[in-house]
Amino acid sequence: MTDGKTNLRQNETVELSVIRRAFPCVVVLSCLVVAATRAHAQSPAPPQPRFSRQQILELLQGAQVADSPELGEAINELLSDTSVHMRMAPERVATAADSARAAAAVLEARASLAKYKDVAVAEAEGYRKFLPRVAEQPIYHYNNIQNAIAGYSRFDATKPVSLLYRKGPRGELVLVGVMYSAPPSATAEEIDGRLPLGVAHWHEHINFCGPTLEAYQNGSAATDGASTAKWLRITSREECTAAGGRFVPRLFGWMTHAYIFAGDDPKQIWGGEGKQHMH
C-alpha cells in the first residue's frame, strides 16, 4: 500500500513537471484543461494523479505565457461579455433588500481594499498578476490563491479572488474593481446568498478544449500562440474530439465582477443598460 501511494505521488510530480515545462511556451488554458480532467478523473484503473484545487490554481497562476496577437485576441474575447465560453447565472428581479445587501458589500469592500490602489501593496499581500506577458488586456486580474481557496466555503467581501486593474492614460494601473467566486457546485440560492442574483452578474466559463497530456509528452502538441488560440476557439465536444483534444465542460466555478471603484451608480458597479459587467 505504501509503495502504491509513493508511486502515485511520484507520477503526480512527473505530470506536474511536464505541465510546468509547457507553460513558458504559451499554453495556459489548454494545460489547465489537462489538469482539470485529471483532477476529476473517474476511472479507478490505472491510478491517475489527482491534482488538488490549489495545485491547479497554482499551475494556472504560474503560467508565463508569451504574448502574441492571436493569443491576445483569443484571451480578450474569452473575457468579453459575448464570449461563447461564458454562461450567465439565472437572472432575478432585484428587491429592495437585494440592493441594500449589495450596497453594504460594496461599502465594506471599498473601505478594506482601497489600499490596493497601490499595486505594490497588492503584490506584497499576495496578489499576483495573471498572464503578465500578455501586454494589452482590457482588464488585468491580480489573483490571490488563498482567497480563492477560502472562497469555496464562505463569502467575504473584503477578500476577493481578484483585484481588477485597468491601464490608465500614462500606462499606470488603476484599481477599478474586484472579482468574487462561488464553487461550481453552488446552487442558485447559494450564489444569491453571496451576492444577490438580482444585482450581480454571476457567470461561469464553459466548453473548453486542450491538447492531451500525452500530446505534450510525445511532443506532438504545438505550443505557439497561434496554436493555443485555436484550442481556445473550440467550443464543442465534437470539435474537440475531431481535433484530438480533451474536452472540459466547465472550468473554475461561478464568478462575478464588481467595479466598486468605478463610481457610485449600481449600473457602473454591477453592469446594466449597455455597461458591460466584464469590461
Side-chain angles (χ1 to χ4, degrees), residues 15-16 18-20 22-23 25-42 48-66 68 70-89 130-131 134 137-139 141 143 145 148 152 161-162 179 181-186 202-217 220-257 278:
E15 295 205 10
L16 285 169
V18 169
I19 295 174
R20 288 194 180 101
F23 273 150
C25 300
V26 283
V27 184
V28 189
L29 290 174
S30 50
C31 279
L32 186 63
V33 166
V34 174
T37 52
R38 292 290 188 181
H40 298 93
Q42 298 299 316
Q48 298 291 335
R50 301 176 68 85
F51 302 137
S52 70
R53 186 177 297 129
Q54 180 159 344
Q55 284 175 320
I56 292 174
L57 292 174
E58 288 283 1
L59 285 169
L60 177 62
Q61 184 60 51
Q64 296 297 314
V65 185
S68 74
E70 300 93 342
L71 185 58
E73 179 183 345
I75 289 175
N76 288 336
E77 195 282 328
L78 173 66
L79 296 175
S80 73
D81 288 325
T82 57
S83 173
V84 294
H85 289 294
M86 185 185 299
R87 177 165 56 207
M88 303 302 297
F130 181 54
L131 301 183
V134 179
Q137 301 181 48
I139 291 292
H141 291 65
N143 300 330
I145 291 176
Y152 264 71
V161 171
S162 306
M179 186 177 82
S181 66
S185 60
W202 287 95
H203 63 277
E204 62 177 349
H205 293 291
I206 60 171
N207 298 337
F208 285 93
C209 181
T212 64
L213 183 60
E214 292 74 19
Y216 285 120
Q217 290 173 323
S220 63
T223 56
D224 58 282
S227 297
T228 302
K230 288 180 181 179
W231 287 111
L232 289 175
R233 293 192 182 100
I234 293 176
T235 60
S236 71
R237 186 182 297 275
E238 292 74 22
E239 282 184 279
C240 187
T241 300
R246 181 167 295 175
F247 185 74
V248 173
R250 64 199 304 195
L251 285 176
F252 316 117
W254 293 99
M255 307 173 185
T256 188
H257 287 194
M278 290 289 285

Problem - Check: Arg87 side chain, Ile206 main-chain N or O, donor-acceptor pair, under 3.5 Å - result: no
Completion exercise
Closest non-hydrogen atoms of Arg237 and Pro249, given as atom of the first, atom of the second and distance, are NH2-CG, 3.8 Å
Completion exercise
Nearest heavy-atom approach of Gly245 to Cys209 is CA-SG, 4.0 Å
Practice task
Answer yes or no: is there a side-chain heavy-atom contact under 4.5 Å between Met86 and Met255?
Solution key: no
Problem - Pairwise distance OG1(Thr256) to NE2(His203) - rounded to 0.5 angstrom - result: 7.0 Å
Practice task
Drop me the distance from Ile139's CD1 to Gln137's CD, to the nearest 0.5 angstrom.
Solution key: 9.5 Å
Handout entry: Gap between atom CZ of Phe247 and atom CD of Glu239 - 0.5 Å precision
Key = 9.5 Å
Handout entry: Which atom of Asn143 lies closest to which atom of Phe130, heavy atoms considered
Key = ND2-CB, 3.5 Å
Fill in the blank from the handout: Residues Pro183 and Tyr152: closest non-hydrogen pair is CG-O, 3.2 Å
Exercise for the section: Heavy atoms only: give me the nearest Val161-Ser181 pair and the separation to one decimal. Expected result: CG2-OG, 3.1 Å
Exercise for the section: State whether the side chain of His85 and the backbone N or O of Thr235 hold a donor-acceptor pair below 3.5 Å, judged by distance alone. Expected result: no
Problem - Closest non-hydrogen atom pair between Thr212 and Gly244, with its separation - result: CG2-O, 4.0 Å
